[in-house]
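Please read through the structure below; I'll follow up with questions.
Just so it is clear, the model here is predicted, and its values are computed rather than measured.
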Amino acid sequence: MSHYKDSTLKVLTLNSNRGLAEEIASHIGTTLGKCTVSSFSDGEIQINIEESVRGCDVYVVQSTSTPVNQHIMELLIMIDALKRASARSINIVMPYYGYARQDRKSRSREPITAKLIANLLETAGANRVITLDLHAPQIQGFFDVPIDHLQGVPILSDYFEAKNIEDLIIVSPDHGGVTRTRKMADRLKAPIGIIDKRRPKPNVAEVMNIVGNIEGKTAILIDDIIDTAGTITLAANALIENGAKEVYACCTHPVLSGPAIERIENSQIKELVITNSIPLPEEKNTEKITQLSVAPLIGEAIIRVHELQSVSILFD
């Protein structure tokens with residue numbers, strides 16, 4: 001392994017995604033810094049950084065994936081430890097930014113958790129955030145520190161481009177994801193489709209209309225998060241019923257909770273392509289799922305941030 005030339009760059013990780021953190025460190029040409037995360041018997045988190053970080057630029061890799069609240073507390077306590085250990089800068093590398101789905105008040109008396117998490121990170125002492133495919137890009141504005149918002153679309157697009165599929169159409173499972181769908185469609189030089197779904201009233205099955213010509217085409221559904229996989233599997237089945245030849249699906253963040261795996265197994269989705277922004281436990285890894293690594297992208301972003309180079313080149 002080639003060694004990164006600057007010893008003031010340190011990569012630390014907590015418990016959410018150690019595998020990805022190791023890959024990122026190896027891409028940079030360094031090893032993970034030594035730290036331990038343990039608990040008092042009542043469950044309080046204790047963190048010990050086992051090497052000096054004084055004057056260092058520290059990059060902490062932690063996704064807020066399940067158990068979400070545990071991972072957030074680990075991160076906040078780590079930031080506090082780094083601040084008190086005189087780190088020069090504390091950079092949070094958060095491949096998956098949790099609590100992002102509550103990013104506005106859609107009804108009265110709702111919280112805006114995406115802003116709350118931003119406040120917590122900043123108050124604890126974070127100087128910068130590097131993240132991937134925020135649920136809504138305007139969450140960048142919830143931060144008063146620099147935020148580098150990396151994109152998963154190029155990684156997913158390159159995978160499908162290599163398959164050389166003919167008669168493609170890229171489909172958004174809802175109105176919110178049209179911008180992301182357009183980015184993939186531009187890269188694959190394909191038209192786009194949109195699934196327009198609405199509930200006539202609560203607990204009544206959704207009415208699905210498909211905008212775009214999908215007859216005889218191979219459809220790729222793209223989303224940022226797949227959680228229980230309800231939306232994406234209904235969308236895939238609707239596409240097949242309406243004349244699509246085959247349906248692939250992809251997303252950046254495989255939350256895949258509850259009945260998700262069973263739904264994907266029983267759906268019309270031929271292959272689900274995901275990234276490792278959230279680790280995929282062994283029991284969830286089925287033949288239908290292909291996982292791509294975001295480590296080279298994040299590793300490259302860390303090097304560029306550290307060397308004061310432009311990060312925007314990574315979006316092309």
What's the separation between atom CG in Asp196 and atom CG in Asn209, rounded to the nearest 0.5 Å?
5.0 Å
Can you confirm whether Glu51 is buried at CD, in the sense that more than 12 heavy atoms of other residues, nucleotides or ligands lie under 6.0 Å from that atom?
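For Glu51, atom CD is crowded (more than 12 foreign heavy atoms under 6.0 Å).
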Is the backbone N or O of Ala124 less than 3.5 Å from a side-chain atom of Lys83, with the two atoms forming a donor-acceptor pair by type?
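Side chain of Lys83 to backbone of Ala124: a pair is present.
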Quick one: does Leu134's side chain get under 4.5 Å of Ile147's, heavy atoms only?
yes
Considering only NZ, NE, NH1 and NH2 on the basic side and carboxylate oxygens on the acidic side, decide whether Arg187 and Asp158 come within less than 4.0 Å.
yes
I'd like to check Ile220 versus Val171 (side-chain heavy atoms, cut-off strictly below 4.5 Å). Are they in contact?
no
For a side chain to side chain contact (heavy atoms under 4.5 Å, CB included) check, start with the C-alpha distance between Thr181 and Ile194, then their side-chain angles and the critical distance, and finish with the verdict.
CA-CA 9 Å; Thr181 307; Ile194 302 164; over 6 Å; no
Can you check whether Ile90's main-chain N or O pairs, donor with acceptor, with Asn127's side chain at less than 3.5 Å?
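Looks like yes, one N/O pair under 3.5 Å.
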Output for pair (Ile303 CD1, Ile24 CD1), nearest 0.5 Å, gives 11.0 Å
Does any N or O in the side chain of Asp174 come within less than 3.5 Å of the main-chain N or O of Gly177, such that one atom is a donor and the other an acceptor?
yes
For the atom pair CG (Leu292) and CG (Leu156), what is the distance rounded to the nearest 0.5 Å?
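With rounding to 0.5 Å, CG (Leu292) is 6.0 Å from CG (Leu156).
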Going by atom types alone, do Asp103 and His135 pair a side-chain donor with an acceptor below 3.5 Å?
no
Between Glu22 (side chain only) and Gly19 (backbone N and O only), is there a donor and an acceptor less than 3.5 Å apart?
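Here the side-chain-to-backbone pair does not exist.
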For Asn48 and Glu50, indicate whether the former's side chain and the latter's backbone hold a donor-acceptor pair under 3.5 Å.
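Judged by distance alone, no pair lies under 3.5 Å.
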Scan side-chain atoms only and decide if Gln62 and Asn17 contain a donor-acceptor pair under the 3.5 Å cut-off.
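No donor-acceptor contact under 3.5 Å links the two side chains.
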Hphob cluster co-occupancy, Val93 + Val58, side-chain heavy atoms under 4.5 angstrom:
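In one cluster: no.
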May I ask you to test the Lys217-Leu168 pair for a side-chain heavy-atom distance under 4.5 Å?
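In short, these two side chains do not touch, never coming nearer than 4.5 Å.
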Below 4.5 Å, heavy atoms only, C-beta onward: do Gln151 and Pro154 meet side chain to side chain?
yes
Leu14 side chain near Ile47 side chain, heavy-atom distance below 4.5 Å:
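Side chain of Leu14 against side chain of Ile47, heavy atoms only: contact under 4.5 Å found.
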Transitively linked via ILVMFWY side-chain contacts under 4.5 Å: Phe143 with Leu150?
no
Going through the checks in order, is the side chain to side chain contact (heavy atoms under 4.5 Å, CB included) test met by Ile130 and Met94?
CA-CA 6 Å; Ile130 297 173; Met94 198 179 264; over 6 Å; no
Hydrophobic clustering (ILVMFWY, side-chain heavy atoms < 4.5 Å, transitive) - are Val211 and Val178 grouped together?
yes
Indicate yes or no: does Arg101 engage Asp227 in a salt bridge with an N to O separation below 4.0 Å.
yes
Between Glu271 and Lys163, does any NZ, NE, NH1 or NH2 come within less than 4.0 Å of an OD or OE carboxylate oxygen?
yes
Please report the shortest heavy-atom distance between Lys10 and Ser52, naming the atom on each side.
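Closest heavy-atom pair between Lys10 and Ser52: CE-O, 3.1 Å.
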Side chains of Ile192 and Met184, heavy atoms from C-beta outward: is any pair under 4.5 Å?
no
Ignoring hydrogens, what is the shortest heavy-atom contact between Ser16 and Ser63? Give both atom names and the distance.
OG-N, 2.8 Å
Got a donor-acceptor contact below 3.5 angstrom from the Tyr97 side chain to the Ala118 backbone?
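Answer holds: yes.
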Distance check, rounded to the nearest 0.5 Å: Leu75 atom CG versus Ile72 atom CD1?
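Spacing of CG (Leu75) from CD1 (Ile72) equals 8.5 Å.
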Please check if the side chain of Tyr248 supplies one atom and the backbone of Thr218 the other of a donor-acceptor pair under 3.5 Å.
no
Can you see whether His253 engages Ser277 through a side-chain donor-acceptor pair at a distance of less than 3.5 angstrom?
yes
Taking the side chain as every heavy atom from C-beta outward, state whether Val255 and Ile278 have any atom pair closer than 4.5 Å.
yes
Taking Val61 as the starting point, is it possible to reach Met73 by hopping between hydrophobic residues whose side chains are less than 4.5 Å apart?
no
Can you name the one residue among Leu272, Val273, Ile269 that meets side chain to side chain contact (heavy atoms under 4.5 Å, CB included) with Cys250?
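So, applying the side chain to side chain contact (heavy atoms under 4.5 Å, CB included) to Cys250 and each of Leu272, Val273, Ile269, only Val273 qualifies.
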Does the side chain of Tyr96 come under 3.5 Å of the side chain of Asp224 through a donor N or O and an acceptor N or O?
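Side chains of Tyr96 and Asp224: no pair found under 3.5 Å.
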Can you tell me if Gln46 and Ser39 form a side-chain donor-acceptor pair at under 3.5 Å?
no
Under 6.0 Å from the NZ atom of Lys189, do we count more than 12 heavy atoms belonging to anything else shown?
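Open.
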Listed partners of Arg128 passing side chain to side chain donor-acceptor pair (under 3.5 Å), at least two apart:
Asp148
Do Asn91 and Val129 touch side chain to side chain, with heavy atoms closer than 4.5 Å?
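When only atoms from C-beta onward are counted, Val129 and Asn91 do not touch, as no gap falls below 4.5 Å.
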Could you walk me through whether Leu188 and Phe160 pass the side chain to side chain contact (heavy atoms under 4.5 Å, CB included) test, one step at a time?
CA-CA 8 Å; Leu188 297 176; Phe160 283 109; 4.2 Å; yes
Please determine whether a side-chain nitrogen of the Lys or Arg among Lys5 and Glu307 lies less than 4.0 Å from a carboxylate oxygen of the Asp or Glu.
yes
At their closest point, which heavy atom of Leu32 faces which heavy atom of Ala25, and how far apart are they?
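That closest heavy-atom pairing would be CD2-CB, 4.0 Å.
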Would a distance-only check, ignoring hydrogens and angles, find a side-chain to backbone donor-acceptor pair under 3.5 Å from Asn276 to Val294?
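Yes, the answer is positive, given that a donor and an acceptor are paired below the 3.5 Å cut-off.
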Compare every heavy atom of Ala114 with every heavy atom of Ala100, then report the nearest pair and how far apart it is.
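Closest heavy-atom pair between Ala100 and Ala114: CA-CB, 4.0 Å.
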Rounded to the nearest 0.5 angstrom, the OG1-CD distance for Thr64 and Glu74 is 11.5 Å
When rounded to the nearest 0.5 angstrom, what is the spacing between CD1 in Ile79 and CZ in Arg84?
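Nearest 0.5 Å value for the CD1-CZ distance: 12.5 Å.
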How close do Gln102 and Pro111 get, counting heavy atoms only, and between which atoms?
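Taking Gln102 first and Pro111 second, the nearest heavy atoms are OE1-CG, 3.3 Å.
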If two hydrophobic side chains count as joined below 4.5 Å and joins carry through other members, does Ile226 share a cluster with Leu221?
yes
Does the pair Asp57/Arg88 count as a salt bridge with the N-to-O cut at 4.0 Å?
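Looking at Asp57 and Arg88, the cut-off is met.
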Do Glu265 and Thr286 get their side chains close enough for a donor-acceptor pair, meaning under 3.5 Å?
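Glu265 vs Thr286: donor-acceptor pair found between side chains.
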Any donor-acceptor pair under 3.5 Å from Thr123 side chain to Leu120 backbone:
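Not a single qualifying donor-acceptor pair exists.
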If we ignore angles and hydrogens, is there a donor and acceptor under 3.5 Å between the side chains of Ser312 and Ser310?
yes
Identify the heavy atoms of Pro95 and Thr131 that sit nearest to each other, and give their distance.
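The answer is O-OG1, 4.2 Å.
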Between Lys270 and Glu246, does at least one N-O distance fall below 4.0 Å, as a salt bridge requires?
yes
Quick one: do Ile261 and Leu256 satisfy side chain to side chain contact (heavy atoms under 4.5 Å, CB included)? Show the steps, please.
CA-CA 7 Å; Ile261 296 296; Leu256 300 178; 4.0 Å; yes
Strictly below 4.0 Å, N to O, side chains only: are Arg104 and Glu110 in salt-bridge contact?
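Salt bridge: no.
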Counting only N and O atoms by type, is there a donor-acceptor contact under 3.5 Å from the side chain of Asp223 to the main-chain atoms of Cys251?
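Not at all, since once roles are kept as given, no pair shorter than 3.5 Å links the two residues.
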